[in-house]
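Note that these values count all heavy atoms, side chains included, but never hydrogens, waters or copies made by symmetry. Order of the sequence lines fixes the chain letters, A, B, ..., with proteins taken first and strands second; residue numbering starts at 1 for each chain. As the structure is a computational prediction, the values presented were derived from the model and not from experiment.
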Amino acid sequence: MPQNHLYLVDGSGYIFRAYHQLPPLTNKHGQPVGAVYGYTTMLWKLADELGKAEGPTHLAVILDKGSHTFRNDMYDQYKANRPPAPEDLVPQFPMIRDATRAFSLPCIEEAGFEADDIIASYTKAAVAAGWHVTIVSSDKDLMQLIQPGVDMYDTMKNERRGADYVMTKFGVQPEQLGDVLALMGDSVDNVPGIPGIGPKTAAKLISEYGNLEAALEAAPSMKKSKMQENLIAHADMARLSRRLVALHDAMDLPEPLDDLTLKGIPLEPLQAFLEHHGFKSLLARAGAPAAAVAVATAAAAVTQATPPAAPVHEEEPPIDRSLYETVVTDEALDRWIAAAHAEGLVAVDTETDMLDCVSCALVGVSLAVGPNAACYIPVGHGGRDMFAEKPDQLPLALVLAKLKPLLEDDSVLKIGQNLKYDITVLRRHGIEITPYDDTIVMSFDLDAGQSLAGHGMDEAARVHLNHTCISFKDVCGTGKSQISFAEVPLDKATEYAAEDADVTLRLWKLFKTRVAHEGATRVYELVDRPLVSVIAKMEHEGIKVDREALSRLSAEFTAGIAALETEIHGLAGQPFAIGSTQQLGAILFEKMGYKGGKKGKSGAYSTDVTILEQLKAQGAEIAGKILDWRQLSKLKSTYTDALQAQINRDTSRVHTSYSLSGAQTGRLSSTDPNLQNIPIRTEVGRQIRHAFVAEPGNVILAADYSQIELRLAAHMADVPALKEAFANGEDIHAATAQQLFGEVNRDTRGRAKTINFAILYGISRWGLAGRLEISADEAQDMISRYYERFPGISLYITDTIEKARERGYTETLFGRKTWFPRIKASVQHERQGAERAAINAPIQGTSADIIKRAMARMGPALAAEGLHDVKMLLQVHDELVFELPEGDVEQASAIIRRVMAGAAEPIVKLSVPLGVEIGHGPSWGAAH
DNA sequence: ACCCTCACG
DNA sequence: GACGTACGTGAGGGTA
């Protein structure tokens, strides 16, 4: 009779690990199932052990139930600083139980006890009965249970662990591990331990003195050191910690040992479960687990099962463009679509006849399902002219009809590089791409700030695949002789387009693994990926601009500019190009003899606002005129003229393009045109905002976060005085003025405001001195006072810089990384520049994360309350702009406010409220 | 292609 | 002791 062998599976521990290590999959019902999938493969692996020498004869999955256990009664801080489970993990907990049931395995949980205690109790009982035990977990606390006859098994690393593992990892025997853990403490579970003692020191003490109590008792006679003092001072904390890490092994077993006998795994419930979640590839590709088949073969003849394939990292074949196919027949198209279904994923790229995706025509679609397995489906070659001669290609309508089910199939992942473009193009043809991954966004979430990693495809291919893509220029030429993609011959078009899809798929494979392993899953899944289709919608929507209003302004500005020009030339005594800083510098500082030195390496005179304002203050009339001239020229060329040219001919609206990878901090950026820098600060400039209007019957609504970055700074640096001021709804700059100067008036409030911003940007006394027109010493005093009044700020600054230097990156509250390679530069000002950016990045980036989450939730929140005509049009970093029927304003305002104010939740709980200010009117200008 | 300047948060 | 003088963007005009 072979010996009984009980496997105890630490299900709760596993699911967290699977969540962080595995790609964030969703099933065909749109539910997140990455962790469930990982959990399922683990059970599968265990099922395959059945019948082997070291395999289980008995097995139980142990789960945590509820969060309050006897340890909380012992120490109310236990696990107190643990963040709530990620929102896409929560719905997976019940599915874990489904998965366990699908394998027909017993599942044990008990209120008041942690899974660890249940495992300890079963281990004790089984050992007493003379059984072998294997604990399936990688938890260090459970390693205390290792003893002869009891080992651990880490399925992810495929590693069995005994006493020697504990010895290499912690330097002690398993039975001494509890003492080591007690000294070390555990920041995740909030076990206090002894400050300053980590794994190394703890192990040294325990192996030297044998156990915790002996070490504590010996402390007074140890050599004097910080560690020794701490050992004495915190002895009670260590004793409490010892009790917290001890496993409770004497509970009544919820189910008797003998009930845990493994009998085999009926195939049917397992199959149903796998099919429900679309894990059927697991069954189909790898064969059922041996145990399941053993049961199934009795009923039906099943083909020889093979064990699930271990993930092998095979070298991909180099890119070979000769293997790409031009798809021009029904049969070929069907074959590619079937291949995509079989693979469960497909890289997609669309080719169009112009860059503007609102007006462009579809020219072709490329697909890739594996390395070099890529094709191009031409549909619009030969151009839009109905009568032009065209190459042989499938009709557009047919291709769209066949692609639609694939592109909308929940069980096939669509992969694209900068998908918002393709989403818009295909949405115009009635296709909603879902689900999707975007490699440009993945790249950004991994490598923002890494100077070597460009996120565009050509650069990404060079960096990550060591491959040079065919450039668009090579195919279409440049400048005047540039041709449209519709005119490119099919063979050349296929090489170019299919390569894009092929490269995208290869990049995706790399990034998918990295996202999971490098902690980018949170920000990718919870912030950026959902945003892609939202941004696509906003760009497609566009905003109405009153062309006549702009044209009137242009005319006004032209007249103003001309008048000023005459005056300036008169004052200068000669005509010159006012826009030329070179000529202007010569006039001001050489001919007219004003003071104001040369600047920097170029040796040119600086003529920027600060200089001109100084001259003006000295009484130079020309300086004021030049400032006015510059303002009007800027407004005319950058706004009133340029915006008119940007009004789309087909839609009569302006469609900006947002870059999701534009700003290193995680902010969006806006181009063609940039709608994030429309004037507002001066009255003249503000008129331009009034030209952004709503359709008749509609209004423009603008919703702003008020002081979001300062609020986040107060939260992140933990500044009680600032937090309190925000909680009380005070004027924050006035409150700062009160703290710093003891009185509030226009002057002190203004200075306080400057200092508040200086803090967000990484202050230097020189910089502050310049801004406030005080001496560096006075500025230094002011900074010191700020740190004194707002403790936490200086700690935040030093901490952030230190961490950035250590790890190379900073992180937002949502885990967005920004890399700072120059933080180790030997050139001082380069390094200091990186330090200032590092101070700012977590704050600016968290603010960006929050508004992005608000944007992703806005559509569903509005729709849920029946508001289908509210359109989100623009994002300006802390502001969202909507167009909506006048009658919806009240209801929409409440929803918008709620969504924006609560956008951090539940992932991040802020200790300050987020304020939202909302206004509306016939134009953007009027909405403020 | 680069610099300067200036519009925004 | 000199250095250079706040974070993050994009666009237009002048110059080389």
Side-chain angles (χ1 to χ4, degrees), chain A residues 448-449 576-585 599-612 626-627 629-643 645-646 656-659 661-682 684-686 688-689 704-710 713 754-772 776 779 783 797 800 810 818 820 827-845 847-848 851 874-880:
Chain A
F576 68 101
I578 305 172
S580 161
T581 49
Q582 210 176 62
Q583 294 179 34
L584 177 62
K599 202 191 175 183
K601 9 181 185 191
S602 57
Y605 292 110
S606 171
T607 64
D608 67 14
V609 251
T610 53
I611 301 283
L612 289 178
I626 291 165
L627 284 171
W629 183 91
R630 279 207 181 143
Q631 185 188 27
L632 293 185
S633 306
K634 172 83 177 179
L635 294 178
K636 178 168 159 18
S637 66
T638 310
Y639 301 103
T640 54
D641 287 355
L643 274 174
Q646 291 279 357
T656 183
S657 171
Y658 287 103
S659 169
S661 54
Q664 314 292 24
T665 52
R667 274 191 177 180
L668 300 180
S669 73
S670 158
T671 59
D672 309 308
N674 181 356
L675 294 186
Q676 292 182 320
N677 71 348
I678 301 302
I680 191 168
R681 292 174 186 170
T682 66
V684 200
R686 234 182 145 103
I688 292 161
R689 267 189 196 227
D704 290 57
Y705 280 114
S706 86
Q707 310 288 6
I708 186 168
E709 293 195 1
L710 267 179
T754 301
I755 300 168
N756 275 332
F757 280 111
I759 293 295
L760 299 179
Y761 298 152
I763 198 167
S764 83
R765 59 190 171 130
W766 313 107
L768 186 64
R771 299 271 158 155
L772 289 179
I783 294 166
I797 291 172
T800 305
T810 60
T818 303
F820 291 94
V827 182
Q828 187 181 231
H829 72 263
E830 267 191 23
R831 188 174 63 247
Q832 288 175 337
E835 287 174 357
R836 289 194 298 268
I839 291 168
N840 183 247
I843 299 167
Q844 188 181 115
S847 158
I851 196 168
L874 303 177
Q875 189 251 42
V876 193
H877 310 309
D878 63 357
E879 173 186 10
L880 295 175

So what does [X] hit on the nucleic acid, given a heavy-atom distance under 4.0 Å: a base, only sugar-phosphate, or nothing?
| X | answer |
| --- | --- |
| A:Arg667 | base |
| A:Ser670 | sugar-phosphate |
| A:Ile680 | sugar-phosphate |

**Q.** Side-chain donor/acceptor of A:Arg681 to base of B:dA7, under 3.5 Å
**A.**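 Side chain to base: no pair below 3.5 Å.
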
Q: Give a yes or no on whether a donor-acceptor pair under 3.5 Å exists between the nucleobase atoms of B:dC8, that is its base, and the side chain of A:Gln676.
A: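 Checked by distance alone, the answer is no.
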
What nucleotide, of [options], holds the atom closest to the side chain of [X]?
| X | options | result |
| --- | --- | --- |
| A:Ala758 | C:dG10, C:dA6, C:dA11 | C:dA6 |
| A:Asn840 | B:dG9, C:dC7, B:dA7 | C:dC7 |
| A:Pro679 | B:dC6, C:dA11, B:dA7 | B:dA7 |
| A:Ser580 | B:dC6, B:dG9, C:dG14 | C:dG14 |
| A:Gln583 | B:dT5, C:dC7, C:dT15 | C:dT15 |

Q.
Is the base of C:dC7 stacked against the aromatic ring of A:Tyr761, taking ring centres under 5.5 Å apart and planes under 30° as the test?
A. yes

Q: Evaluate the side-chain proximity of A:Ile688 to A:Thr640: yes if any heavy-atom separation is below 4.5 Å, no if none is.
A: yes

Q. With pairs taken as Watson-Crick or G-U wobble and both distances under 3.5 angstrom, which stems of at least three consecutive pairs involve DNA chain C?
A. B:1-9 with C:7-15

Q: Report the distance from atom CD1 of A:Ile678 to atom C1' of C:dA11, rounded to the nearest whole Å.
A: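 In whole Å, C:dA11 C1' and A:Ile678 CD1 are 11 Å from each other.
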
(Q) Can you list, in residue-number order, the parts of residues 630-639 of chain A that come under 4.0 Å of DNA chain C, counting heavy atoms only? (A) A:Lys634, A:Ser637, A:Thr638

Q. Does A:Gln582 make a side-chain N or O approach to OP1 or OP2 of C:dA16 shorter than 4.0 Å?
A. yes

Q) Is the distance from OP1 or OP2 of C:dA6 to the nearest side-chain N or O of A:Arg836 less than 4.0 Å? A) no

(Q) Using the rule side chain to side chain contact (heavy atoms under 4.5 Å, CB included), only one of A:Ile843, A:Ile839, A:Thr818 pairs with A:Thr810; which is it? (A)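 Option passing the side chain to side chain contact (heavy atoms under 4.5 Å, CB included) with A:Thr810: A:Thr818.
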
